[in-house]
Amino acid sequence: MKIGYPCINRSLACTAGSTFRMASYSEERLLETVRENLNCLEKMLAFNVNHNLLFLRLGSGIVPFASHSICKTDWAFRFRRELRSLGSFIKRYELRISMHPDQFVVLNSPDDGVVERSIAELDYHCRLLDTMGLDSTAKIQIHAGGVYSDRYSAVQRFVDRYQLLDSNLKKRLVIENDERLYSVKDCIEISRKIRIPVIADSLHHECLNNGESWKEALEAAGKTWKKKDGIPMVDYSSQEKNRKKGNHATSLNSRHFRKFLRETKDLDFDLMLEIKDKEKSALKALRILNTIKY
DNA sequence: CCATGTCAAGGTCAC
DNA sequence: GTGACCTTGACATGG
């Protein structure tokens with residue numbers, strides 16, 4: 001099991017997702033920002049290797065406005081050497097990589113404009129990973145989308161749109177259960193139609209499920225991953241107390257995490273810790289993992 | 001210099 | 001139909 005944290009490392013003085021307002025867009029500003037972001041990413045990768053955190057989610061903000069029409073720069077070409085070099089580092093140390101474009105990516109929207117922008121955003125994510133030279137085990141995770149008061153049609157739209165995507169993108173795309181609309185079971189049903197791997201998210205499963213246990217859900221999701229996809233990925237979090245359902249914990253709850261490990265000890269997966277204090281909790285999780293007695 | 005309003009992008013729910 | 005919420009950081013402006 002590789003353990004990781006998403007996008008931001010609070011122990012470092014830099015961020016790999018610094019951006020700027022669209023009103024102040026210029027090519028110079030873009031190039032300067034991307035250069036800084038990639039420098040920071042290099043530091044994050046080194047930190048991770050040094051601390052044995054071998055799973056990392058890359059933030060979507062590495063190339064600001066990459067999928068927007070305002071961006072006319074061929075960023076992948078301009079930064080091909082830097083990206084290739086980061087990719088080599090990732091492969092040398094066998095780091096696992098994921099990305100998670102945010103809520104604006106909705107493949108099954110009834111609005112064609114939304115779909116078009118979503119695909120452009122996915123293409124950006126895919127191109128970043130491609131340019132790094134990473135194989136199909138580096139994944140891009142999205143949610144199934146909206147329901148629009150007609151679930152059957154909404155799922156059908158997802159399936160139809162998926163099949164039209166570029167094969168390069170399809171080999172990286174995976175779907176994750178969300179906390180309100182599409183459960184693990186719903187995602188697996190979609191997966192049956194189009195063979196897309198399913199990422200199980202523990203907190204979302206607590207919020208929305210079909211009566212199956214977490215282990216059952218995890219096992220079923222794991223079976224949707226083929227050899228070319230790599231070891232299944234799993235998102236873990238726990239509920240922050242006194243906050244609305246689905247709110248991510250501020251820091252790792254040791255007891256909850258030990259229980260999670262006990263319940264899933266027979267399964268192999270890479271674990272993304274969606275905890276607000278990021279690498280701090282990831283390190284804590286690693287210590288627990290290394291000392292646990294079943 | 002600091003406080004705070006605002007930022008590319010969507011969907012759902014309550015009212 | 002409109003606004004709050006989701007969730008979050010940090011840019012950027014105005015005082």
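Not measured: the values here are computed from a predicted model. Just so we're on the same page: letters track the sequence lines, and every chain starts at 1.
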Peer 1: Run the salt-bridge test on A:Asp112 and A:Arg161 with the 4.0 Å N-O cut-off and return the result as yes or no.
Peer 2: yes

Peer 1: State which residues pass side chain to side chain donor-acceptor pair (under 3.5 Å) with A:Ser18; sequence neighbours excluded, sorted by chain then number.
Peer 2: A:Asn37

Peer 1: For each nucleotide in nucleotides 9-15 of chain B, reading 5' to 3', give B when a protein heavy atom comes within less than 4.0 Å of its base, S when such contact involves only the sugar-phosphate, and - otherwise.
Peer 2: BBSS---

Peer 1: Determine the Euclidean distance between corresponding P atoms of B:dG5 and C:dT7; express it in Å to zero decimal places.
Peer 2: 22 Å

Peer 1: So which pairs with a foot in residues 162-178 of chain A pass side-chain hydrogen bond (donor to acceptor under 3.5 Å, both in side chains), sequence neighbours left out?
Peer 2: A:His100-A:Glu176, A:Asp130-A:Asn168, A:Asp130-A:Arg172, A:Gln141-A:Glu176, A:Asn168-A:Lys171, A:Glu176-A:His204

Peer 1: Tell me which residues in residues 68-77 of chain A put a heavy atom below 4.0 Å from DNA chain B, sorted by number, or none.
Peer 2: A:His68

Peer 1: Considering only Ile, Leu, Val, Met, Phe, Trp and Tyr, and joining two whenever side-chain heavy atoms are under 4.5 Å apart, list the other residues clustered with A:Leu164.
Peer 2: none

Peer 1: Can we say A:Asp229 and A:Lys139 salt-bridge, meaning some charged N sits less than 4.0 Å from an Asp/Glu carboxylate O?
Peer 2: yes

Peer 1: Does A:Glu263 pair with A:Lys259 as a salt bridge, N-O distance under 4.0 Å?
Peer 2: yes

Peer 1: Quick test of your reading of the model: are A:Glu274 and A:Arg57 salt-bridged, counting only N-O distances below 4.0 Å?
Peer 2: yes

Peer 1: Given A:Phe65 and A:Phe20, is the ring pair (Phe, Tyr, Trp, His ring centres under 6.0 Å) satisfied, shown in steps?
Peer 2: CA-CA 9 Å; A:Phe65 306 103; A:Phe20 50 89; 5.4 Å; yes

Peer 1: Is any side-chain heavy atom of A:Arg157 closer than 4.5 Å to a side-chain heavy atom of A:Val115?
Peer 2: no

Peer 1: Going by the rule salt bridge (charged side-chain N to carboxylate O under 4.0 Å, His left out), which residues pair with A:Lys280 if we only count those two or more places apart in sequence or in a different chain?
Peer 2: none

Peer 1: Show the distances under 3.5 angstrom between N or O atoms of the protein and N or O atoms of nucleotides 9-12 of chain C.
Peer 2:
unit_1	atom_1	unit_2	atom_2	d
C:dG9	OP1	A:Arg10	NH2	3.3
C:dC11	O2	A:Arg21	NH2	2.2
C:dA12	OP1	A:Arg21	N	2.5
C:dA12	OP1	A:Ser24	OG	2.9
C:dA12	OP2	A:Arg29	NH2	2.9

Peer 1: With clusters built from Ile, Leu, Val, Met, Phe, Trp and Tyr whose side-chain heavy atoms come within less than 4.5 Å, directly or transitively, what are the remaining members of the cluster of A:Leu208, listed by chain and number?
Peer 2: none

Peer 1: I'd like the P distance from B:dA3 over to C:dT8, given in whole Å.
Peer 2: 23 Å

Peer 1: Sequence neighbours left out, what passes side chain to side chain donor-acceptor pair (under 3.5 Å) with A:Tyr5? Give chain and number order.
Peer 2: A:Asn9, A:Asn48

Peer 1: Cut-off 3.5 Å, side chains only: do A:Asp111 and A:Ser109 have a donor facing an acceptor?
Peer 2: no

Peer 1: Quick one: hydrophobic cluster around A:Met233, which other residues, with the 4.5 Å side-chain cut-off, linked directly or via members?
Peer 2: A:Phe55, A:Val174, A:Ile199, A:Trp225, A:Met272

Peer 1: For DNA chain B, write out the stems as range with range, using runs of 3 or more consecutive Watson-Crick or G-U pairs with both distances under 3.5 Å.
Peer 2: B:1-7 with C:9-15, B:10-15 with C:1-6

Peer 1: Can you check whether A:Ile142 reaches A:Ile175 side chain to side chain, under 4.5 Å on heavy atoms?
Peer 2: yes

Peer 1: Taking only the P atom of each, what is the distance from B:dA8 to C:dG14 in whole angstrom?
Peer 2: 15 Å

Peer 1: Taking C:dA12 as the reference, what is the distance to B:dA9 when you measure between their P atoms (whole Å, please)?
Peer 2: 16 Å

Peer 1: What's touching nucleotides 13-15 of chain C from the protein side, N or O pairs under 3.5 Å?
Peer 2:
none

